[in-house]
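I have placed the structure first, in the form of structure tokens, so that the comments after it can refer back to it.
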Amino acid sequence: MASNEVLIIGGGIAGMQAALDLGDMGITVHLVEKNPSIGGKMAQLDKTFPTNDCTI
Amino acid sequence: MVEFSGEIGSFKAKVHRKARYVDASKCTACGACAEKCPTKVPNEFNFGLNDRKAIYKDYAQGIPSVYTIDPNHCRVFQGKKCGVCAKQCQAGAIDYEQKDSYVDLEVAAVIVATGYDLFDATRIPEYGYGRFPNVISSLEMERLLSAGGPTAGHLARPSVVKGEARLKELPKLIAKAEKDEKTDAASALNKERKWLEEHVHKYPTAKKLGFIQCVGSRDFRFHKYCSNYCCMHSIKEAIIARDHEPETESYIFYMDLRTVGKGFEEYKIRGAKVSGLKYVRGRVAEVLQDEELNPVVYFEDTEQRCVRSMTLDMVILANACSASKGIVTVAELLGIALDENNFVKTHPNKPLDTSVPGIFTCGCAQGPLDIPESVAQASSAAARAAEVVMTGGRALAV
Ligand SMILES: Cc1cc2nc3c(=O)[nH]c(=O)nc-3n(C[C@H](O)[C@H](O)[C@H](O)COP(=O)(O)OP(=O)(O)OC[C@H]3O[C@@H](n4cnc5c(N)ncnc54)[C@H](O)[C@@H]3O)c2cc1C
Ligand code: SF4
Ligand code: SF4
């Protein structure tokens with residue numbers, strides 16, 4: 001039987017954005033992350049170019 | 001992920017869920033457990049520049065907001081007595097018996113967003129990374145600049161951070177060596193202590209910074225490609241360093257400054273005008289260290305047409321964006337192809353489609369990208385996956 005869920009491997013900024021978009025469309029998402037927290041490299045950044053906004 | 005099969009519209013995956021030894025439904029993330037935990041572990045999130053506990057969270061705002069026990073360091077898992085965290089936890093969330101579990105999923109589509117790894121700069125020994133304390137990676141610099149980082153945003157030289165930690169442990173080591181009557185060892189430790197006491201605090205703050213670009217990128221020994229975002233992050237780090245400490249002087253050693261993106265060129269110009277950054281065109285050949293632990297950079301100045309050297313407080317490497325180490329296993333499980341650099345293989349006209357219909361990719365798993373581009377790709381990949389869900393895969397299967 002066809003499923004209507006999506007699997008995302010990796011919870012960095014890319015995986016999180018894809019998960020949020022799919023969630024907004026009402027689609028069930030399974031986000032798999034190997035570390036205890038999501039965020040990926042972006043969580044380690046101080047501020048981001050080109051606006052110098054805080055990351056998370 | 002441990003098992004994978006099926007096809008577009010109906011893939012089957014088995015995912016390994018690691019035990020946290022903390023009940024996620026009960027933990028309120030109050031942190032009482034970590035406060036009292038006696039076991040200190042070098043904090044990998046800050047590249048060992050400070051310590052965390054054996055029960056920890058990666059960072060304060062981390063999601064999910066749940067603590068995790070690291071069984072490789074926790075005393076209970078090392079066969080010793082402890083249980084302190086269980087006593088501290090008001091919510092009763094600690095569960096040493098929690099087991100790893102497996103989750104079976106059925107999904108219509110998959111998105112591979114496994115990102116990248118920082119290029120390991122010890123592979124370029126002439127830059128001294130790993131040998132000289134004041135030569136650091138780009139991500140270590142981000143942690144040093146961060147208000148939530150190991151120095152609360154103060155740009156302390158790593159030799160000072162590490163020297164202070166060493167000074168704290170030396171008295172114990174010296175006392176032990178003396179007690180065991182190891183006189184040679186004791187005098188060596190005493191000598192080290194004296195040196196550290198005299199030198200560590202001479203240059204507490206890093207004010208003269210050198211940024212070396214293209215470390216592992218555009219280098220035929222390692223990655224031929226350009227890593228896309230590192231020119232911009234070095235400029236950013238130099239601007240922020242100057243915001244923290246107005247006396248900061250920064251030199252950016254580059255081959256070309258690639259500032260392609262909306263508002264990026266203006267950012268580079270602002271860096272020079274407002275923050276006084278100096279862009280030096282030339283490749284760095286070697287980094288040495290003087291007796292005060294200052295890195296000394298030898299470089300070809302292509303504008304002056306000569307070889308020069310410069311003594312700096314700290315050197316920051318713009319490490320290349322390397323394919324993530326785990327991607328090979330993931331690709332084998334999924335059956336998707338990788339390119340010659342181990343990024344997920346895609347076609348220029350279909351940058352999100354892997355070699356298997358119904359499996360998409362986005363972000364740095366696909367190649368070096370900055371955040372705006374990663375986010376744009378992620379939304380596109382989400383739309384592609386939604387297309388599969390809504391049509392049962394018929395639209396793409398042909
Ligand atoms: C020092 C530095 C500064 C930067 N500054 C900026 C900036 O200011 N602005 C900007 O736009 N960009 C910046 N970047 C680039 C930015 O880091 C990337 O664009 C962004 O992090 C890419 O996100 P991602 O989700 O693709 O990858 P990642 O952030 O690497 O996330 C991947 C996630 O997948 C997880 N994962 C990997 N393998 C597996 C697996 N097998 N199973 C489960 N999970 C897995 C990882 O743990 C991680 O959480 C900077 C980069 C560096 C190095
Ligand atoms: S049981 Fe382990 S995690 Fe808990 S306080 Fe003791 S050492 Fe720390
Ligand atoms: S973005 Fe800049 S530093 Fe990074 S590889 Fe390309 S040219 Fe080199």
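Lettering follows sequence order; numbering is per chain, from 1.
The pair B/Lys12-B/Glu3 fails the salt-bridge criterion, with no side-chain N (NZ, NE, NH1 or NH2) lying under 4.0 Å from an Asp/Glu carboxylate O.
Within the 4.5 angstrom heavy-atom criterion, no atom of B/Ile235 approaches chain A. B/Tyr116 touches chain A through backbone and side chain together, each having a heavy atom under 4.5 Å away. At a 4.5 Å heavy-atom cutoff, the contact between A/Val32 and chain B is made by side-chain atoms alone. Residue B/Tyr67 does not touch chain A at all, counting heavy-atom pairs closer than 4.5 Å. For B/Val15, the part sitting under 4.5 Å from any heavy atom of chain A is the side chain, from C-beta outward, and nothing else. Residue contact with chain A, scored on non-hydrogen atoms closer than 4.5 Å, involves the backbone and the side chain of B/Leu145 alike. Contact annotation for B/Ile63: both backbone and side-chain heavy atoms come within less than 4.5 Å of a heavy atom of chain A. For B/Leu334, the part lying near chain A is the side chain, with the backbone staying farther off; criterion is any non-hydrogen pair under 4.5 Å. Neither the backbone nor the side chain of B/Ala376 has a heavy atom closer than 4.5 Å to any heavy atom of chain A. For A/Ile27, the part sitting under 4.5 Å from any heavy atom of chain B is the side chain, from C-beta outward, and nothing else. For a residue to count as touching a neighbouring chain, one of its non-hydrogen atoms must lie under 4.5 Å from one of that chain's; by this rule B/Ala13 touches chain A with the side chain only. Contact annotation for B/Arg17: neither backbone nor side-chain heavy atoms come within less than 4.5 Å of a heavy atom of chain A.
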Starting from the C-alpha separation in whole Å, work towards a yes-or-no answer on side chain to side chain donor-acceptor pair (under 3.5 Å) for A/Asp21 and B/Ser379. CA-CA 6 Å; A/Asp21 282 11; B/Ser379 290; 2.6 Å; yes

Could you walk me through whether B/Lys57 and B/Ser65 pass the side chain to side chain donor-acceptor pair (under 3.5 Å) check? CA-CA 8 Å; B/Lys57 257 179 88 181; B/Ser65 209; 3.1 Å; yes

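With B/Asp117 contributing its side chain and B/Lys325 its backbone, the two residues share a donor-acceptor pair below 3.5 Å. Without hydrogens or angle criteria, B/Gln366 side chain to B/Val344 main chain gives no donor-acceptor distance under 3.5 Å. Judged by distance alone, the side chain of B/His16 and the main-chain N or O of B/Asp100 form no donor-acceptor pair under 3.5 Å.
Comparing B/Gln377, B/Met390, B/Arg20 by how many heavy-atom pairs each has under 4.5 Å with chain A, the most go to B/Arg20. Per-residue counts of heavy-atom pairs under 4.5 Å with chain A were compared for B/Ser138, B/Ala109, B/Gly62; the largest is that of B/Ala109. Note on B/Val375, B/Val112, B/Thr68: by heavy-atom pairs under 4.5 Å with chain A, the leading option is B/Val375. Of the residues considered (A/Gly15, A/Ala18, A/Gly10), A/Ala18 shows the highest number of contacts with chain B, using heavy-atom pairs under 4.5 Å.
Under the 6.0 Å distance and 45° angle rule, B/Lys236 does not count as a cation-pi partner of B/Tyr267.
Put simply, the residue from B/Glu142, B/Arg143, B/Glu237, B/Met141 that forms a side-chain contact (heavy atoms from CB on, under 4.5 Å) with A/Asp46 is B/Glu142. Tested against A/Leu31, the residues A/Leu20, A/Leu22, A/Ile38 include a single side-chain contact (heavy atoms from CB on, under 4.5 Å) partner, A/Ile38. Considering B/Ile111, B/Thr354, B/Val388 as possible partners of B/Ile359, the one that fulfils the side-chain contact (heavy atoms from CB on, under 4.5 Å) test is B/Thr354.
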